[in-house]
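Here is the structure we will look at, set down as structure tokens.
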Amino acid sequence: MNLLRKRAAIRAAMAGVALLAVSACSNVTGQDDMGTGAGAGMTGSGQAGQAGDPTSPAYFQQAIGDRVLFAVDQSTLGDEARAVLEQQAQWLITNGDYIATIEGHADEQGTREYNLALGARRANSVKEFLVLRGVAANRLTTVSYGKERPIEICSEEACYAKNRRAVTVLAGGLTG
Amino acid sequence: MTRLFFSLLLAAAALVAQGPNPAQAQQGPLRLEITEGVIEPMPFAVADFVPDSPAAAEMGEQIARVVAADLSGTGLFREIPEDAHISRVSSFEAPVRFADWKAVNAQALITGGVSVTGERLTVRFRVWDVFSGVELGNGLQFVGTTDGWRRMAHKVADQVYSRITGEGGYFDSRVVFVSESGPKDNRRKRLAIMDYDGANVQYLTDSSSIVLAPRFSPTGDRVLYTSYESGFPRIYVLDVGRVQRQVLPTPQGEMSFSPRFSPDGRTVLYSVSTGGNTDLYAMDIASGQSQRLTTAPSIETAPSYSPDGSRIVFESDRSGTPQLYVMPAAGGEAERISFGQGRYGTPVWSPRGDLIAFTKQSKGRFHIGVMRTDGSQERLLTASFLDEGPTWAPNGRVIMFTRETQGAAGRSQLYSVDISGRNLRPVPTPDGGSDPSWSPLLD
């Protein structure tokens, strides 16, 4: 109960500061470009389009939500996560030009190695859900960053909760 | 006492020929038994190494300082500072005035001589038991080049340590680690290598991609590490001397990480994540042939061989939480060895084979600990917000690890601690540091 309420509060807070969320998202994309090196075809914030356009990556990121959160040590999807992923699946089916990399992340509590493996589990949970909902498996890849790429930096549960995440990062869509 | 010198040639930073017979060290009257209990550090003095020319004078002082710092840094010895010395040693061959060293309460005295001819550096030393007035072991001479003076000082200190404690030294060794800079949400990481005491830092990669957990080969010539440079975590093998690297031929499109060499340096143990499931594999480096060692649906990672190569200790959450397990090197039945409260990870077999060091997470704190290889006699050596990733000194007496501080300004720093839990100290690095891996003693 407590955890659910906390997560609801966090989501409300996230919705309340949409501007912050957008800057955080573009920040994440920037880091991913660094991590992946080439970054070819990555959807940078510059080409994300308008959030009002339901076929745009910006809409996917902001209106649907590009990320789902997890409980401590868990990779199972809660109700909220499933609701987000249902919409992600629909969007991906509708916008067939895009492929996606699902990035799994962990909070800083835990060893580097274990968190890499845990992030892989989380990314895979999301991939399996999207595939079950009809997204072609060959459009989805997964990668784990373990605890290497936190978006929130405090050492408290409020930050940890946002860092235990799987982010669906779109690529391609150049013709869309 | 004989005046026999073993002459060692330190060419291109490689020491050829042998050190003295260890049995000689056993016969010395001056002896420090390293026990698990609290001990009083042994007071010692190092006289400036006597130069044979004005050109060698500065080097003589510097070498004496490094020898003293090595010994003091163990926590087992306490230096009698130079300004308290009564005697000045002006000739390496002159008799030692023991009364002057007794008067300042030095139990052990190290004297030395330095000569420089062009690039060539010769260092000689003797270790004295001040109270009996007897030389401990024989005088020894190292020959090398002037730019390798720190290594020669470390070799002197290793000899002194070894003669007094009866255990192998660890000063002439290096550490490969991840140098960290920038804030937590934009941390820059690059591989770096340095002497065990933080001197001579060199960078092996730039910070354009995430690099994690480098591991030395058993001879210190190669380093395994994980890099995201392909956009994906993969394992690379780096030749330290030539700074050349190649990717380990693990499956394309699957994450591979947490590598570690076998004791013979031919095999790499590592983890692969496939479909969210992480298992252990072993790859023969020469052929690229790999073998899957575990098949459980749980996470299996952080493997480490026993020094004889017969067994593997690793971390698995097959019981529900991360715990430590030991299995035969070829895979098969694994036995759980950790049973305390909390979560266990990153086990590393000691070079002596008698202990396993690990990271433990319990009640919101992290610890570095050691246990016997059957899991008994667990002892926690440290406690902090986040300690992780132990690595063993070549002699199995000291552990280096990563400590990260709490909060938004959190920073990683290398620390070392004696396996008794004493002598916790930060290891100086230019920026933050994490994931240390200690080399064997250099040749």
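Throughout, a chain's letter reflects where its sequence line sits, starting with A, and its residues are numbered from 1.
For B:Thr359, the part lying under 4.5 angstrom from a heavy atom of chain A is the side chain only. For A:Ser144, the parts sitting under 4.5 Å from any heavy atom of chain B are the backbone and the side chain alike. Neither the backbone nor the side chain of A:Thr141 has a heavy atom closer than 4.5 Å to any heavy atom of chain B. For chain B, no part of A:Asn163 is nearby; none of its heavy atoms comes within less than 4.5 Å. Residue B:Leu386 touches chain A through its side chain alone, counting heavy-atom pairs closer than 4.5 Å.
From B:Phe232, atom CZ reaches atom OG1 of A:Thr101 across 8.5 Å, with rounding to the nearest 0.5 Å. Here the CZ atom belonging to A:Arg149 is positioned 4.0 Å from the CD1 atom belonging to B:Ile210, to the nearest 0.5 angstrom. Once rounded to the nearest 0.5 Å, the distance linking CD of B:Glu388 with CG of A:Asn115 reads 8.0 Å. Atom CG in B:Asp317 sits 8.0 Å away from atom CG in A:Asp73 (nearest 0.5 Å).
Closest approach of A:Arg121 and B:Ser298 over heavy atoms only: NH2-CA, 3.7 Å. Residues A:Pro150 and B:Lys184 come closest through the heavy atom pair CG-O, 3.4 Å. Contact detail for B:Phe385 and A:Ser155: the closest heavy-atom pair is CZ-OG, 3.5 Å. Across B:Gln361 and A:Gly110, no two heavy atoms sit closer than the pair OE1-CA, 3.8 Å.
Residues A:Val143 and B:Tyr228 form a side-chain contact, since some pair of their non-hydrogen atoms from C-beta on lies under 4.5 Å apart. A heavy-atom distance below 4.5 Å is found between the side chains of A:Tyr114 and B:Arg343. Considering only heavy atoms from C-beta on, B:Thr346 stays 4.5 Å or farther from A:Arg112 through its side chain.
Of the possible polar contacts, none joining the B:Asp185 side chain to the A:Ile153 backbone as a donor-acceptor pair under 3.5 Å is found.
The existence of a salt bridge linking B:Lys189 and A:Glu148 is confirmed by a sub-4.0 Å separation between a basic side-chain nitrogen and an acidic carboxylate oxygen. Under the 4.0 Å criterion applied to side-chain N and carboxylate O atoms, A:Glu108 and B:Arg187 are not assigned as salt-bridge partners.
Residues of residues 403-410 of chain B having a heavy atom under 4.5 Å from any heavy atom of chain A, listed by number: B:Gln406, B:Gly407, B:Ala408.
By number of non-hydrogen pairs under 4.5 angstrom with chain A, the leading residue of B:Gly364, B:Pro183, B:Gly275, B:Pro233 is B:Gly275. Ranked by heavy-atom pairs under 4.5 Å with chain B, the list A:Cys154, A:Ala117, A:Ala123 is led by A:Ala117.
With A:Leu116 as the partner, the side-chain contact (heavy atoms from CB on, under 4.5 Å) test is satisfied by one option alone out of B:Thr301, B:Thr278, B:Leu212: B:Leu212.
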